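See structure below.
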Amino acid sequence: MGAQLCSQADAGVPPETLRFHAEAKGAQVYLDEQRSTACRCATFHDGIVFSQRPVRLGERVALRVLGHQGGWCGGLRVGFTRLDPAHVLAPSLPPFVCPDLEEQSPTWAAMLPDGCALAGDVVCFWVNRRGWLYAQVNSGPRLLLRKGVRMGAPLWAVMDVYGTTKAIELLGEASCTDQAPPLGGSGGSDPTSSAFPTVASRVLREDTLLPEAEGFTSGS
């Protein structure tokens, strides 16, 4: 049968709540005690984080952007990897998931279009059976971020708290509200030019994030 995103035997078992992996994280990442929130302490890179378990086939990874920091180009990157974070040495992680980690390992990720991941936004991303990586922001349209994710083996979620994205919080899959049209429908429009309705949510202000991050070294 081979390894897959999830096994048939586990199909009826409720999955463990997604958390960030405790050890496999970028040098600038600070995690809270519940490992549900990841904050980049300084600079604009070294913000790679992984889920603590593989995702299931069709499972949507949901997160909320808690902090946004101006002055940088680009923001949150999301995707999937065959790298088991339990076997990843944190000091060996490169500064960026795109293109560094993609070039070093079987990892597939992409940056969300500009303006799609602001503070308060809920971002859901997933991969379908064809290996297409999708994302949705709040109740906006589905965005095809990339193709070519290799299926047939366990995949862990990978995120890069990069650039303008300062902090993110993992949410339950129920936070994903799919109000988009069916795939392949209403074609022709540019998804990056669409409005992304914002949901009411907890947001950490920059003046809250920065003092909290002070004092944490790259090994914290």
Side-chain angles (χ1 to χ4, degrees), residues 3-6 18 20-21 24 26 38 44-51 54-65 72-85 88 93-118 121-165 168 170-171 173 175-176 178-194 196:
Q4 300 179 359
L5 277 176
C6 65
L18 274 184
F20 294 114
H21 193 276
F44 64 95
H45 51 74
D46 287 303
I48 295 175
V49 287
F50 300 86
S51 62
V55 298
R56 296 189 162 201
L57 184 60
E59 180 178 2
R60 299 190 177 198
V61 181
L63 63 88
R64 177 182 290 124
V65 178
W72 307 113
C73 293
L76 179 67
R77 285 98 195 269
V78 299
F80 296 94
T81 181
R82 289 189 175 187
L83 280 177
D84 183 347
V88 172
L93 286 172
F96 314 106
V97 71
C98 305
D100 298 5
L101 192 63
E102 289 184 310
E103 294 175 348
Q104 298 175 12
S105 64
T107 298
W108 302 269
M111 183 178 74
L112 290 168
D114 288 341
C116 290
L118 304 177
D121 284 342
V122 172
V123 178
C124 298
F125 65 96
W126 67 97
V127 61
N128 68 9
R129 293 178 182 272
R130 302 174 67 181
W132 294 10
L133 173 61
Y134 284 96
Q136 184 180 24
V137 183
N138 303 321
S139 58
R142 301 175 190 176
L143 305 173
L144 176 58
L145 299 183
R146 64 165 298 162
K147 301 179 181 180
V149 179
R150 295 210 320 261
M151 309 300 286
L155 291 173
W156 284 260
V158 62
M159 294 138 279
D160 193 349
V161 188
Y162 172 85
T164 57
T165 303
I168 58 176
L170 284 175
L171 306 172
E173 189 177 12
S175 301
C176 294
D178 191 352
Q179 300 178 8
L183 295 180
S186 68
S189 62
D190 178 6
T192 62
S193 64
S194 302
F196 295 88

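For reference, positions follow the sequence shown, starting with 1. For the numbers below, each heavy atom of this structure counts, side chains included, while hydrogens, waters and symmetry mates do not. Because the structure is a prediction, the values reported are computed rather than measured.
Proximity of a side-chain donor or acceptor of Asp160 to a complementary backbone N or O of Val97 within less than 3.5 Å is detected. Checking side-chain atoms of Trp108 against main-chain N and O of Gly148 turns up a donor-acceptor pair under 3.5 Å. For Arg60 (side chain) and Val127 (main-chain N/O), no donor-acceptor pair under 3.5 Å exists by modelled atom type. Checking side-chain atoms of Ser51 against main-chain N and O of Phe20 turns up no donor-acceptor pair under 3.5 Å.
The shortest distance between side-chain heavy atoms of Leu112 and Phe125 does not fall below 4.5 Å. The shortest side-chain heavy-atom distance between Glu59 and Leu18 falls under the 4.5 Å cut-off. Pro95 places a side-chain heavy atom less than 4.5 Å from the side chain of Asp100. For the pair Cys176/Val61, no side-chain contact is recorded, criterion being any heavy-atom separation below 4.5 Å from C-beta on. Trp126 has its side chain out of reach of Glu173: every pair of non-hydrogen atoms, C-beta onward, lies at least 4.5 Å apart.
One finds the CG atom of Asp121 at 11.5 Å from the CD atom of Gln136 (value rounded to the nearest 0.5 Å). The CG atom of Asp46 sits 7.5 Å away from atom CZ of Phe96, with the distance rounded to the nearest 0.5 Å.
Pairing each heavy atom of Thr165 with each of Ala117, the nearest pair is OG1-O, 4.3 Å. Smallest separation of non-hydrogen atoms from Ala24 and Leu93: C-CD1, 4.2 Å. A pairwise comparison of heavy atoms in Leu83 and Ser105 identifies CD1-OG, 3.4 Å as the closest pair. Across every non-hydrogen atom of Met111 and Gly74, the tightest pair is SD-CA, 3.6 Å. When every heavy atom of Val78 is checked against every heavy atom of Leu133, the shortest pair comes out as O-CD2, 3.7 Å.
The side chain to side chain contact (heavy atoms under 4.5 Å, CB included) test with Val122 is passed by exactly one of Val137, Leu63, Leu171, Val65: Leu171. When each of Thr81, Leu57, Val149 is checked for a side chain to side chain contact (heavy atoms under 4.5 Å, CB included) with Leu155, only Val149 meets the rule.
Note on Arg146 versus Glu102: salt bridge recorded, some NZ/NE/NH1/NH2 to OD/OE distance being below 4.0 Å.
Tyr162 carries Arg77 over the face of its six-membered ring, with the cationic atom under 6.0 Å from the centre and within 45° of the normal.
Here the two rings, on Phe50 and Trp156, have centers that are 6.0 Å apart or farther.
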Can Leu143 and Cys116 be said to form a side chain to side chain contact (heavy atoms under 4.5 Å, CB included), step by step?
-> CA-CA 10 Å; Leu143 305 173; Cys116 290; 4.3 Å; yes
